[in-house]
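Counting convention: from 1, in listed order, for ligands and their atoms alike.
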Amino acid sequence: MCGIVGILADYEVSPVILEALRRLEYRGYDSAGIATIHDGHLDRRRAVGKLRSLSDHLVHDPLPGRSGIGHTRWATHGKPSKINAHPHRAGPVAVVHNGIIENFAALRAELRARNYGPESETDTETIALLCQSFMDDGLDPQEAVARTLDRIEGAFALAFLFDGEDDLMIAARRGSPLAVAHAGGEAFVGSDAIALAPLTDRLIYLEEGDWAVLTRASCRIFDAMGTAVDRPETRIAETAGRVEKGGHRHWMAKEIHEQPAVLDICLNRYLGADAVTLPGDGIDFTDVRRVVMVACGTAYYACHVAKYWFEALARLPVEIDVASEFRYREPPLEEGTLAIFVSQSGETADTLAALRYCKAQARTLAVVNVETSSIAREADAAFPILAGAEIGVASTKAFTCQLAVLAAIALSAAAARRTLAPDATAEHVATLRKMPALLSQALQSEDRMEDIARTLSEARDILFLGRGAMFPMALEGALKLKEISYIHAEGYASGELKHGPIALVDESVPVIVFAPSDPLFGKTVSNMQEVMARGGRVVLVSDAKGLRSVDGAWAEIEVPAVPAIWAPLLYAVPAQLLAYYTAIAKGTDVDQPRNLAKSVTVE
Ligand code: F6R
């Protein structure tokens with residue numbers, strides 16, 4: 001979602017802000033802008049579309065200045081347009097914002113009545129107008145921001161600049177992540193470490209409700225009550241900002257191909273020679289009676305797969321839910337509940353809210369990629385998935401690493417609860433350790449998937465089917481395909497076919513069936529036959545044994561054979577590559593699909 005950068009320096013900041021915004025492109029955006037102070041005066045440039053439009057604009061109409069804030073906007077209130085793009089300005093105040101101001105309509109009416117009329121449709125402009133109104137009442141910028149923060153409700157990260165104030169930048173965080181840095185006569189504000197990594201190696205992550213007053217010589221942080229506080233500095237990896245495509249055409253392709261390597265790193269961290277070794281103190285499963293798993297999108301499907309593992313291996317009842325539903329349905333959490341929150345970014349607003357709901361009632365565990373994220377920091381314990389920065393909007397390597405960590409937790413639960421004997425655990429550990437090599441083998445069917453995808457790209461609707469833990473893989477396959485190719489796709493449990501979706505089947509609707517040769521294979525094949533009997537074109541994804549035993553599929557994709565329980569880790573590859581090559585055939589923007597954001601920090 002929206003990206004924020006702010007710099008106070010002794011050099012021209014516009015080009016540096018533009019570069020930092022480029023590193024934030026992966027979050028998804030539809031317009032961008034920069035404001036600076038030059039000769040004491042606030043000025044700004046904004047443009048719709050990709051950053052190229054903004055940089056072209058800056059070539060023709062440069063924006064000098066050594067103090068500046070920049071923004072990539074993912075539209076919430078008001079369409080993508082120059083007038084709605086940030087920075088928003090009201091009198092002496094310029095502001096950039098990530099999040100949503102929930103009481104903006106009431107504030108807007110109040111401000112309008114006092115002749116502070118907005119020019120845009122955004123909630124953000126209300127912040128600038130409110131702050132301007134306080135300054136018109138005689139408050140200085142710091143006091144005006146403090147009063148503004150008292151009045152606005154919702155989730156936000158903000159950075160302010162003020163006309164006539166070349167050495168002042170104010171940042172604030174409530175609900176959306178924001179980091180600040182201060183060193184050597186320079187000050188920075190940024191949405192994440194990727195944005196700021198080439199500029200500084202130390203960040204201070206603002207905590208919930210914090211706001212920071214930055215000058216070139218000082219950085220003062222206040223908590224929500226206005227009390228001055230010290231927040232720790234975090235050293236960021238030298239490589240954090242050095243994210244490169246490594247010869248691949250898209251981030252998504254790079255990240256799909258990186259999976260064997262990152263899965264190996266992840267499994268090495270969680271698996272010993274013949275047992276699981278969870279980070280830190282691990283999890284004491286002796287009094288865990290029930291597991292609740294909450295996440296959104298692809299991370300939710302990882303939970304859905306893991307439900308099969310926890311139930312089958314550890315005999316633990318598992319409830320799963322999407323965070324946006326879980327947080328509002330007031331689920332009772334009985335004693336002995338372990339609540340697990342899975343999130344690549346660690347900043348997804350609904351998942352964070354669900355975690356906060358559970359905190360007083362259950363033990364909470366975060367499974368995250370970004371270890372400094374809000375979800376990681378607020379949970380009782382956080383297990384990293386170690387996938388490395390994921391830039392493509394469609395989650396790929398984070399999904400397989402989430403599965404790996406959840407597999408380790410499920411095995412650890414089974415060992416602690418003695419539902420799995422040590423030699424059986426050792427056997428599972430040995431199988432999981434082979435997964436990176438098997439994943440490499442699965443990637444070898446890439447050309448075949450590219451061929452099939454060319455035909456899939458002509459379809460209007462596509463169905464995905466799977467049984468058991470292949471059901472969530474069918475859901476994941478459909479999600480991946482629709483988000484980057486814009487083809488309508490749905491995932492179903494194979495057994496549900498006859499209860500409705502079979503009505504859709506004809507020769508124009510490809511049906512992709514995930515069916516490893518496991519004890520459920522025969523049943524899935526029967527459903528497949530029902531599709532073929534109605535003229536449906538089946539793409540069967542299975543291992544050699546499965547493919548040998550069935551005739552009549554329109555196309556086949558071979559995946560290495562693996563014990564059924566761990567097959568989801570491998571079937572992620574065809575789910576991802578079919579989506580990727582279908583999108584390529586359709587010519588869509590694979591890494592930044594329309595309307596999507598990488599980190600969903602608003603509800
Ligand atoms: C789909 C995708 C999204 C995310 C979801 C949760 O490819 O990437 O569905 O999985 O928005 O995001 P995180 O994992 O950051 O909480």
Side-chain angles (χ1 to χ4, degrees), residues 1 26-28 74 98 155 175-177 191-192 194 250-253 255-256 259 293-306 320-327 340-355 365-379 382-403 405-406 464 472-473 475-486 489 491 572-573 575-580 582-583 588-603:
M1 281 202 154
Y26 76 95
R27 297 163 74 98
W74 186 85
N98 172 13
S176 300
S191 293
D192 64 24
I194 295 177
H250 297 101
W251 290 109
M252 186 178 177
E255 288 159 3
I256 290 172
Q259 289 180 108
M293 300 176 90
V294 183
C296 299
T298 287
Y300 169 70
Y301 296 142
C303 298
H304 197 162
V305 170
I320 52 168
D321 204 350
V322 289
S324 53
E325 287 301 312
F326 182 89
R327 64 180 289 193
I340 304 180
F341 301 86
V342 181
S343 174
Q344 188 284 128
S345 61
E347 300 294 350
T348 300
D350 284 321
T351 311
L352 182 58
L355 162 65
L365 170 68
V367 175
V368 289
N369 198 25
V370 181
E371 292 178 57
T372 49
S373 61
S374 307
I375 291 174
R377 283 184 286 132
E378 292 196 26
F383 288 177
I385 62 165
L386 306 170
E390 190 179 68
I391 304 293
V393 161
S395 193
T396 52
K397 62 176 181 168
F399 177 66
T400 36
C401 290
Q402 283 162 353
L403 288 181
V405 173
L406 293 171
F464 285 75
M473 293 311 295
L475 296 171
E476 169 62 1
L479 175 65
K480 218 77 310 165
L481 189 90
K482 70 185 131 194
E483 70 180 324
I484 60 169
S485 74
Y486 316 148
V573 170
Q576 297 161 355
L577 283 176
L578 284 174
Y580 176 74
T582 305
T588 56
D589 186 343
V590 171
D591 283 331
Q592 287 164 35
R594 69 181 180 205
N595 305 340
L596 292 180
K598 180 70 183 158
S599 168
V600 182
T601 50
V602 297
E603 280 190 55

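- Contact analysis leaves E347 out of contact with ligand 1, as no non-hydrogen atom separation drops below 4.0 angstrom.
- Here the protein heavy atom with the shortest distance to atom 15 (O) of ligand 1 is S345 OG, 2.7 Å.
- Close contacts of ligand 1 with E483, meaning ligand atoms under 4.0 Å from a residue heavy atom, involve 1 (C), 7 (O).
- Of the listed residues (D350, T351, L352), just one forms a side-chain contact (heavy atoms from CB on, under 4.5 Å) with R327, and that residue is D350.
- Relative to atom 13 (P) of ligand 1, the option among I375, T298, T348, L596 with the closest non-hydrogen atom is T348.
- The protein heavy atom nearest to atom 6 (C) of ligand 1 is C296 O, 3.3 Å.
- Annotation: S343 places an N or O atom under 3.5 Å from an N or O atom of ligand 1; distance criterion only.
- Side-chain contact between T396 and Y580 is absent, with no heavy-atom pair separated by less than 4.5 Å.
- Within the 4.5 Å cutoff, the side chain of K598 has no heavy atoms near those of the S345 side chain.
- Of all atoms in ligand 1, numbered sequentially from 1 with element shown, those under 4.0 Å from a heavy atom of V393 are 8 (O).
- For atom 14 (O) of ligand 1, the nearest non-hydrogen atom of the protein is Q344 N, 2.6 Å.
- For the pairing with L355, the side-chain contact (heavy atoms from CB on, under 4.5 Å) check across I340, I375, T348 returns one residue only, I375.
- Using 4.0 Å as the threshold, T396 has no heavy atom nearer than that to any atom of ligand 1.
- Using a 4.5 Å heavy-atom threshold, the side chains of Q402 and S343 count as separate.
- Contacts of T351 with ligand 1, taken as heavy-atom pairs under 4.0 Å, are absent altogether.
- With hydrogens and angles left out, the side-chain atoms of T400 and Q259 include a donor and acceptor closer than 3.5 Å.
- Nearest protein heavy-atom contact of atom 11 (O) of ligand 1 is V600 CG2, 4.1 Å.
- A597 approaches V393 most closely through the heavy-atom pair O-CG1, 4.2 Å.
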